[in-house]
Amino acid sequence: MKKKWTLEETKMLFKKPFFNLMFQAQEEHRKNFDPNTIQISTLLSIKTGSCPEDCKYCPQSSRYKTGLKKEPLLEIEQILSAAKKAKDSGSSRFCMGAAWKNPKEKDMPYLEKIIKKIKEMGMETCMTLGTLNSTQAKKLADAGLDFYNHNLDTSKNFYSNIITTRTYQERLHTLHAVRSSGMKVCSGGIIGLGEKKQDRIELLIELSNLSIQPESVPINMLVKIPGTPMADNKDVEPFDFIRIIAVARIMMPKSYIRLSAGRHKMNDQTQAMCFMAGANSIFYGCKLLTSDNPEEKHDLELFKKLDLIPENKTQTLLKEDEYKTIIKSSKIKKDQYYNAAII
């Protein structure tokens, strides 16, 4: 029977001495995963900008002037080309996002075709397209979509300070539709929105107490984009962020905890501590929509220092010069890669 985390229990985790918390997180991690492997995903924006939502952190919202160029839905040849390059560079999962409030019925056959083609390449697939109804979720699942990303972002109580165009309950309904369809759930949150510690605690409780815990939990550090209402938010203290990763690992021991947006602001030591705390998934070889992800060379060097290897044993990370050759040969511009968490 799955454990239901209470507010008091979660508060006690946050109050634990740092090294005691890290030790407990390490124990949980090693029970369920090889601590020397890491799951690698690549993300692609298949439809960029002009989103009708008002998420205060998001440069894709049509309500904010961030200088983001609107892009139409990409042609399937471009998407498949990017997926092949991602696989060749060592990614085992290809994630695609569209800046929609929800997909339109006319788009569903095209999305299903994309999923089937990428599955034929032998990659896991993930999409983030906004709100889904049960029928849409079933269609995507039948096409072979492995994961659907739909973040809760923050606590239920703080949520209305961030977004007013979609309710918290709508997000939970979408997660229910995804789970009921048979797909795996990718859902996490963003740290640095101006939330209090209580909100971080309540977010992790909400995620961990879903009927089935998300298979993938992206923990994002806010990327402050000029032109959005959160451009001047206070920076997140690194040790606070590491503590959240550790608590997430303890509360969701079998989930992949993804070190997600904001990684480009973390030094090697912070990232290493996050991996020690139980993070075992990243986005590799991509650029966040309007801000940099770590350079591929930097990631390769860090993996070597930490003796981390990609989870998919049949693939190996390319050397820096090989990766650059792949990127240059692709029709997809590097700045079209983005963090699906900001949809």
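In this chain, numbering begins with 1 at the start of the sequence shown. What's counted below: heavy atoms across the whole structure, side chains too, no hydrogens, waters or symmetry copies. Please read these numbers as outputs of a predicted model, since none were measured by experiment.
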Between OG on residue Ser45 and CG on residue Leu74, distance to nearest 0.5 Å
7.0 Å
Taking atom CG of Asp107 and atom CD of Glu112, what is their separation to the nearest 0.5 Å?
11.0 Å
Give a yes or no on this: more than 12 heavy atoms of other residues, nucleotides or ligands lie within 6.0 Å of atom CG of Asn267.
yes
Has the side chain of Gln26 got a donor or acceptor atom that lies under 3.5 Å from a matching backbone atom of Met276?
yes
Counting neighbours of CD on Glu75 that are heavy atoms of other residues, nucleotides or ligands and sit closer than 6.0 Å, is the number greater than 12?
no
State, with a plain yes or no, whether a side-chain heavy atom of Ile162 is found less than 4.5 Å away from one of Met230.
yes
Determine whether Gln24 and Leu13 satisfy the following criterion, side chain to side chain contact (heavy atoms under 4.5 Å, CB included), listing intermediate values before the conclusion.
CA-CA 10 Å; Gln24 185 176 347; Leu13 286 179; 4.1 Å; yes
Are the side chain of Ser134 and the backbone N or O of Ala177 linked by a donor-acceptor pair below 3.5 Å?
no
Of all pairs that satisfy ring pair (Phe, Tyr, Trp, His ring centres under 6.0 Å), the ones with a partner from residues 198-241, not counting sequence neighbours
Phe18-Phe239
If Ile, Leu, Val, Met, Phe, Trp and Tyr residues are connected whenever their side-chain heavy atoms lie under 4.5 Å apart, and connections chain through other members, are Met252 and Tyr148 in the same group?
yes
Point-to-point distance, once rounded to the nearest 0.5 Å, from CG of Asn149 to OG1 of Thr174:
11.5 Å
Restricting to non-hydrogen atoms, name the atom on Gly188 and the atom on Val217 that form the minimum distance, rounded to 0.1 Å.
CA-CG1, 4.1 Å
Pairwise distance OH(Tyr168) to NE2(His173) - rounded to 0.5 angstrom
13.5 Å
Between Lys139 and Glu105, does any NZ, NE, NH1 or NH2 come within less than 4.0 Å of an OD or OE carboxylate oxygen?
yes
Thinking salt bridges, do Glu28 and Lys31 make one under a 4.0 Å N-O criterion?
yes
Contact summary for Ser260 and Asn220, nearest pair of heavy atoms:
OG-OD1, 2.7 Å
Quick one: does Arg249's side chain have a donor or acceptor within less than 3.5 Å of a partner on Ser255's backbone?
yes
Spatial distance of atom CG (Leu302) from atom CG (Asp268) [nearest 0.5 Å]
4.5 Å
Within the distance-only criterion (no hydrogens, no angle test), does the side chain of Asn209 pair as donor or acceptor with the backbone N or O of Trp5 below 3.5 angstrom?
yes
How about NZ on Lys117, more than 12 heavy atoms from neighbouring residues, nucleotides or ligands closer than 6.0 Å, or not?
no
Contact between Ile79 and Ile118 at the side-chain level, heavy atoms closer than 4.5 Å - yes or no?
yes
Leu172 and Leu210: CA distance, side-chain angles, deciding distance, side chain to side chain contact (heavy atoms under 4.5 Å, CB included) verdict:
CA-CA 9 Å; Leu172 292 172; Leu210 290 171; 4.1 Å; yes
Any idea which heavy atoms bring Pro218 and Ser216 closest together, and the distance?
CD-O, 3.6 Å
Is it the case that one hydrophobic cluster holds both Met127 and Phe147, taking links as side-chain heavy atoms less than 4.5 Å apart, direct or via other members?
no
For Lys196, all residues meeting side-chain contact (heavy atoms from CB on, under 4.5 Å), sequence neighbours excluded:
Asp199
If you count the non-hydrogen atoms of other residues, nucleotides and ligands that lie under 6.0 Å from NZ in Lys304, is the total more than 12?
no
Whether Asn151 side chain and Asp153 backbone form a donor-acceptor pair below 3.5 Å
no
Using a 6.0 Å cut-off, check whether atom OH of Tyr110 has over 12 heavy atoms from anything other than its own residue.
yes
Looking at every heavy atom in both Leu132 and Pro103, which two are closest together, and how far apart are they?
CD2-CG, 3.6 Å
What are the two closest non-hydrogen atoms of Ala83 and Met123, and how far apart are they?
O-SD, 3.5 Å
Are the side chain of Tyr159 and the backbone N or O of Arg166 linked by a donor-acceptor pair below 3.5 Å?
yes
Kindly compute the distance separating CD1 (Ile219) from CG (Leu203), expressed to the nearest 0.5 Å.
6.5 Å
Phe14 ring centre to Arg200 NZ or CZ under 6.0 Å, with the angle to the axis within 45°?
no
Any non-hydrogen side-chain atom of Met221 less than 4.5 Å from a side-chain atom of Arg263?
no
Cys186 side chain reached by Arg258 side chain, heavy atoms, under 4.5 Å
yes
Does atom NZ of Lys104 have more than 12 heavy-atom neighbours from other groups under 6.0 Å away?
yes
Shared hydrophobic cluster for Leu204 and Ile191 (ILVMFWY, side-chain gaps under 4.5 Å)
yes
Cluster question for you: counting only ILVMFWY and a side-chain heavy-atom cut-off of under 4.5 Å, with indirect links fine, are Leu21 and Phe33 together?
no
With hydrophobic residues grouped by side-chain heavy-atom distances under 4.5 Å, do Ile250 and Ile242 end up in a single group?
no
Gln136 side chain to Asn133 main-chain N or O, any donor-acceptor pair under 3.5 Å?
yes
Determine yes or no for a side-chain-to-main-chain donor-acceptor pair under 3.5 angstrom, with Gln169 supplying the side chain and Thr167 the backbone.
no
Lys224 side-chain N/O to Asn233 backbone N/O, donor-acceptor pair under 3.5 Å:
yes
Quick one: list whatever passes side-chain contact (heavy atoms from CB on, under 4.5 Å) with Asn161, sequence neighbours left out.
Phe158
Are Thr128 and Cys95 side-chain neighbours, meaning at least one heavy-atom pair lies under 4.5 Å?
no
Any heavy-atom pair between the side chains of His29 and Ile257 that's under 4.5 Å?
no
Beyond-backbone contact of Leu80 with Met121, side-chain heavy atoms, under 4.5 angstrom:
yes
Yes or no on side chain to side chain contact (heavy atoms under 4.5 Å, CB included) for Ile190 and Glu195, after CA distance, side-chain angles and deciding distance?
CA-CA 10 Å; Ile190 306 172; Glu195 76 284 350; over 6 Å; no
Would one find more than 12 heavy atoms of other residues, nucleotides or ligands at under 6.0 Å from atom NZ of Lys119?
yes
Could Glu215 and Arg179 be called an ion pair, given the rule that one side-chain N must be under 4.0 Å from one carboxylate O?
yes
Tell me, with the steps shown, if Asn102 and Thr131 meet side-chain hydrogen bond (donor to acceptor under 3.5 Å, both in side chains).
CA-CA 5 Å; Asn102 55 274; Thr131 299; 5.9 Å; no
Could you check if a side-chain atom of Met96 sits within less than 4.5 angstrom of a side-chain atom of Leu129, using non-hydrogen atoms only?
no
Decide yes or no on side chain to side chain contact (heavy atoms under 4.5 Å, CB included) for Val185 and Ile212, but give the supporting numbers first.
CA-CA 9 Å; Val185 169; Ile212 299 174; over 6 Å; no
So does Tyr256 get a backbone contact from the side chain of Asn280, meaning a donor-acceptor N/O pair under 3.5 Å?
no
Charged N to carboxylate O under 4.0 angstrom, Arg93 versus Asp146?
no
Looking at Glu9 and Lys3, is any side-chain nitrogen of the basic one under 4.0 Å from a carboxylate oxygen of the acidic one?
yes
Where do Ser281 and Gln39 come nearest, in terms of heavy atoms and distance?
OG-OE1, 2.6 Å
